[in-house]
Peer 1: 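Sharing a structure here in structure tokens format.
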There are 2 protein chains.
Amino acid sequence: MAEELKKSATRAAGTKVRILTAAEHLFTARGFAGVTMREVARRSATNVASAHYHFGSKEGLVIEMLRHRIAPINAERLRLLDEAKHQSGGKPLEPIVIFTALLLPIGQAATGSKGPDSRFMQLVGRSFTEPASFLEKVHRRLFQELSDIFMVELRRSHPDAQEEDLFWNLHFVVATMLGALANHRRLAPFSGGLCKDKDVAEMIQRLIVFAAGGFASSIENIKPRSN
Amino acid sequence: MAEELKKSATRAAGTKVRILTAAEHLFTARGFAGVTMREVARRSATNVASAHYHFGSKEGLVIEMLRHRIAPINAERLRLLDEAKHQSGGKPLEPIVIFTALLLPIGQAATGSKGPDSRFMQLVGRSFTEPASFLEKVHRRLFQELSDIFMVELRRSHPDAQEEDLFWNLHFVVATMLGALANHRRLAPFSGGLCKDKDVAEMIQRLIVFAAGGFASSIENIKPRSN
DNA sequence: CCTTTGCTTAAACGATCGTTTAAATAGAAA
DNA sequence: TTTCTATTTAAACGATCGTTTAAGCAAAGG
């Protein structure tokens, strides 16, 4: 274990993160198919062969970069959910609390160390719509467990709702989030400049309210409170 | 004019729609960057040079195919909205009516002549998240006017709401639609098979309820009914 | 010191890309 | 039929792709 830490402290580790950072910026701007390994190499001041040495292939680089970015977000989601469960003392969580745990970490990730990096949000949203089939496996591995955990809480807070309805509406919440992330740069021009695309935190807050409202309305319309 | 009709009845027109159809299927399955002109040519039983002859370039083919598919959907949206305005007799429309006019034609387009073509829905959703910059101009031309018209009705039905809030929440409705379209094939595996991805009509109905609920909840939370 | 191991590099490989050129073909006009 | 224009075709162009090879380099172990 001490050896591993030592190894990862060598100059190779620096190259690896330089490649990852360059790849993230480029893939964000132009998609996975639109970026070449040579561009990644040039931007990271390395070599095409070096990227293949560290990541095996272009697919490997894409997968590693996504995991590197998404894993901390999911960890924060679970942390917020756990925190809320602790504070509720065993009682079912309010839906808006559940969705806050799901959506807030996205905004935190987007407002990183160097100020709001609104472009990163596009990357996550786009990774779901890219046709690359190898991404499906990654998404399954990254999100299946998270989805299951959040479904447990949704079930607890809606004991009368049908399983199918909960799935559909959680799907819509996620779809709203992904769609808003992927497209939010287009809002400013469409609103004639009225809505700024820089204020990520405001958007997330609005998004949480919208998602919780849509979820509640949809569940209630299908299964009215028993009477 | 008679000459144009005659011209468009020549064998060239047949080639053109064969190319468009082949392009639609391929782009749907693998994205714009993931499909080559040679594949389009092979699938349409033509030639690479023929596609360039008719569409000028790969970009031209993509643009023409999108317009060919989206224009009828937008026409149907405006028709439904007009129909609703006629039936309401000058009174502001209910939000759910507005969103039905916006979302229902998508489902109709997806359940085409040869039964539900659920894959087409991905294409529309993806066209918004693809990084290809030339698509932004197309989207502006295809959707700006539509957006303006629907905003007019939203304003009429929410006279007390602030312009900015209406924009944000219309954006969320569109984001939900696009996200749901682009990702809806992933719902089935994530739900363990409980939610089928074939029943497009059911999804659209659920989507309308969700969107209207989210919109209403969000507008009300920000600006409570005057009291 | 030298060897070994992990990492980096330049150069090349074969394949395939979007696009173009120029010749062949078809259908309407004459 | 002959002429002319519109369409289709085969072949090639130059560029660039992801990946690999093999040589060079740095640092730790002996």
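Residue numbers start from 1 in every chain, and the chains themselves are labelled A, B, ... in the order their sequence lines are given, proteins ahead of strands.
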Peer 1: Can you measure H54(A) atom NE2 to dT19(D) atom P for me and round it to whole angstrom units?
Peer 2: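 Rounded to whole Å, this separation is 16 Å.
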Peer 1: Quick one: is dT9(D) close enough that its OP1 or OP2 comes under 4.0 Å of any side-chain N or O from T46(B)?
Peer 2: no
Peer 1: Output the rounded distance in Å from CD (E39(A)) to P (dC17(D)).
Peer 2: 7 Å
Peer 1: How long is the line joining CZ of F55(A) and C1' of dT8(C), in whole Å?
Peer 2: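 It is 14 Å, rounded to the nearest whole Å.
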Peer 1: Of the nucleotides dT9(C), dC17(D), dT20(C), which has the atom closest to the A49(A) side chain?
Peer 2: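 Nucleotide nearest to A49(A)'s side chain: dT9(C).
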Peer 1: Salt bridge check: are E76(A) and R79(A) linked by an N-O gap of less than 4.0 Å?
Peer 2: yes
Peer 1: Less than 4.5 Å apart, side chain to side chain, heavy atoms only: is that true for E202(A) and Q205(A)?
Peer 2: no
Peer 1: Taking atom P of dT9(C) as reference, at what distance in whole Å does atom CE of M37(A) sit?
Peer 2: 14 Å
Peer 1: Over how many whole Å does the gap from N47(B) atom CG to dT21(C) atom P extend?
Peer 2: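 The answer, rounded to whole Å, is 15 Å.
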Peer 1: Please report the distance, rounded to the nearest Å, between OH in Y53(A) and C1' in dT9(C).
Peer 2: 13 Å
Peer 1: Could you tell me the separation between the NZ atom of K58(A) and the P atom of dG18(D), rounded to a whole number of Å?
Peer 2: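 My rounded result for the distance is 4 Å.
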Peer 1: What's T36(B) touching, base or sugar-phosphate or nothing? Going by heavy atoms closer than 4.0 Å.
Peer 2: sugar-phosphate
Peer 1: Base, sugar-phosphate alone, or nothing: which one does V35(B) contact when heavy atoms must sit under 4.0 Å apart?
Peer 2: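 The answer is sugar-phosphate, as V35(B) gets under 4.0 Å only of primed atoms, P, OP1 or OP2.
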Peer 1: Distance check needed: dT19(D) P versus H52(A) NE2, whole Å only.
Peer 2: 4 Å
Peer 1: Salt bridge or not for E64(A) and K16(A), using N-O below 4.0 Å?
Peer 2: no
